[in-house]
Amino acid sequence: EVDSETGKLSDDTILKHVALITNLVWKRYDNDGNGVIDAYEFSTLIGDVMAWDGEDSDKPNPFEVKKFLDEIDENGDGELDRDEFGHFVRDGLSLSDQERIDFATNSPMHARFMLFLENMIIVAEKREEKLKSTKVKNDTKDDDKPKEEEQQQQQEQEQQQEEEKQNETKDDEKVDG
């Protein structure tokens, strides 16, 4: 999934991560459900992401949050829609490891951008692992379903045959009697 020469993620991996990260962010931070992340929701998101490593000193101040929002708010409406956020994540994930390091050295805010993306990659990968393990469990359960269904059908057929035999016996008794 990572090109060993360039240190870049594959396009498929980037697309999966963008979708997963965007869905996770919207599920958790679009508190009013209006389909966009407003300045307050964005501030909460950034504060949470930057605090994941337990360092309160990483929390950005309101000016930094607004600057960050302005950087990725493509249409300038002060909110992020899914496309704008997805473009930011895609662009960041498209960088090689060295490009990320170089980008992060431009300023403290650039470093925060990269920390944000690195944390989001970790979350996306953990989420993907969880989904895979759930799928494996479900696939195993699905493999058991045909056996269970077959056993149930067999029991139903046996019960039906037994009822038919009982009915035949009753009919024979009526004829004889």
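A donor-acceptor pair under 3.5 Å is formed between the side chain of Glu41 and the backbone N or O of Asn31. Put simply, the side chain of Asp30 gets close to the backbone of Gly35: a donor and an acceptor are under 3.5 Å apart. At least one donor-acceptor pair under 3.5 Å links the side chain of Thr105 to the backbone N or O of Asp102. Side-chain N or O atoms of Thr134 include one that pairs as donor or acceptor with a backbone N or O of Lys130 at under 3.5 Å. Without hydrogens or angle criteria, Arg100 side chain to Leu93 main chain gives a donor-acceptor distance under 3.5 Å.
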Q: Check step by step if side chain to side chain contact (heavy atoms under 4.5 Å, CB included) holds for Val18 and Phe85.
A: CA-CA 9 Å; Val18 167; Phe85 185 78; over 6 Å; no
Q. After noting the C-alpha distance and the side-chain angles of Phe68 and Phe88, does the key distance pass the ring-ring contact (aromatic ring centres under 6.0 Å, His included) rule?
A. CA-CA 11 Å; Phe68 187 176; Phe88 163 71; 5.5 Å; yes
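Note: Leu45 CG to Tyr29 OH = 5.5 Å, rounded to the nearest 0.5 Å. The distance from the CG atom of Asp81 to the CD atom of Glu84 is 4.0 Å, given to the nearest 0.5 Å. Rounding to the nearest 0.5 angstrom, the gap separating the CD atom in Glu99 from the CE atom in Met114 is 10.0 Å. Here the NE2-CG distance, from His17 to Leu15, works out to 11.0 Å after rounding to the nearest 0.5 Å. Here the straight-line distance linking atom CG of Asp73 with atom NZ of Lys66 works out to 8.5 Å at 0.5 Å rounding. Between the CD1 atom in Ile72 and the CG atom in Leu80 there is a gap of 4.5 Å [rounded to 0.5 Å].
Surrounding CG of Asn23 are more than 12 heavy atoms belonging to other residues, nucleotides or ligands, all under 6.0 Å away.
A salt bridge does not link Lys16 with Asp12: every distance from a Lys NZ or Arg NE/NH1/NH2 to an Asp or Glu carboxylate oxygen is 4.0 Å or more.
When all heavy atoms are compared, the tightest approach of Arg90 to Ile14 is CG-CG2, 3.9 Å. Of all heavy-atom pairs between Trp26 and Val36, the closest is NE1-N, 3.8 Å. Across all non-hydrogen atoms, the minimal contact from Ile37 to Phe42 is CG2-N, 3.4 Å.
Residues Lys132 and Glu129 have side chains not in contact (no heavy-atom distance under 4.5 Å, counting atoms from C-beta outward).
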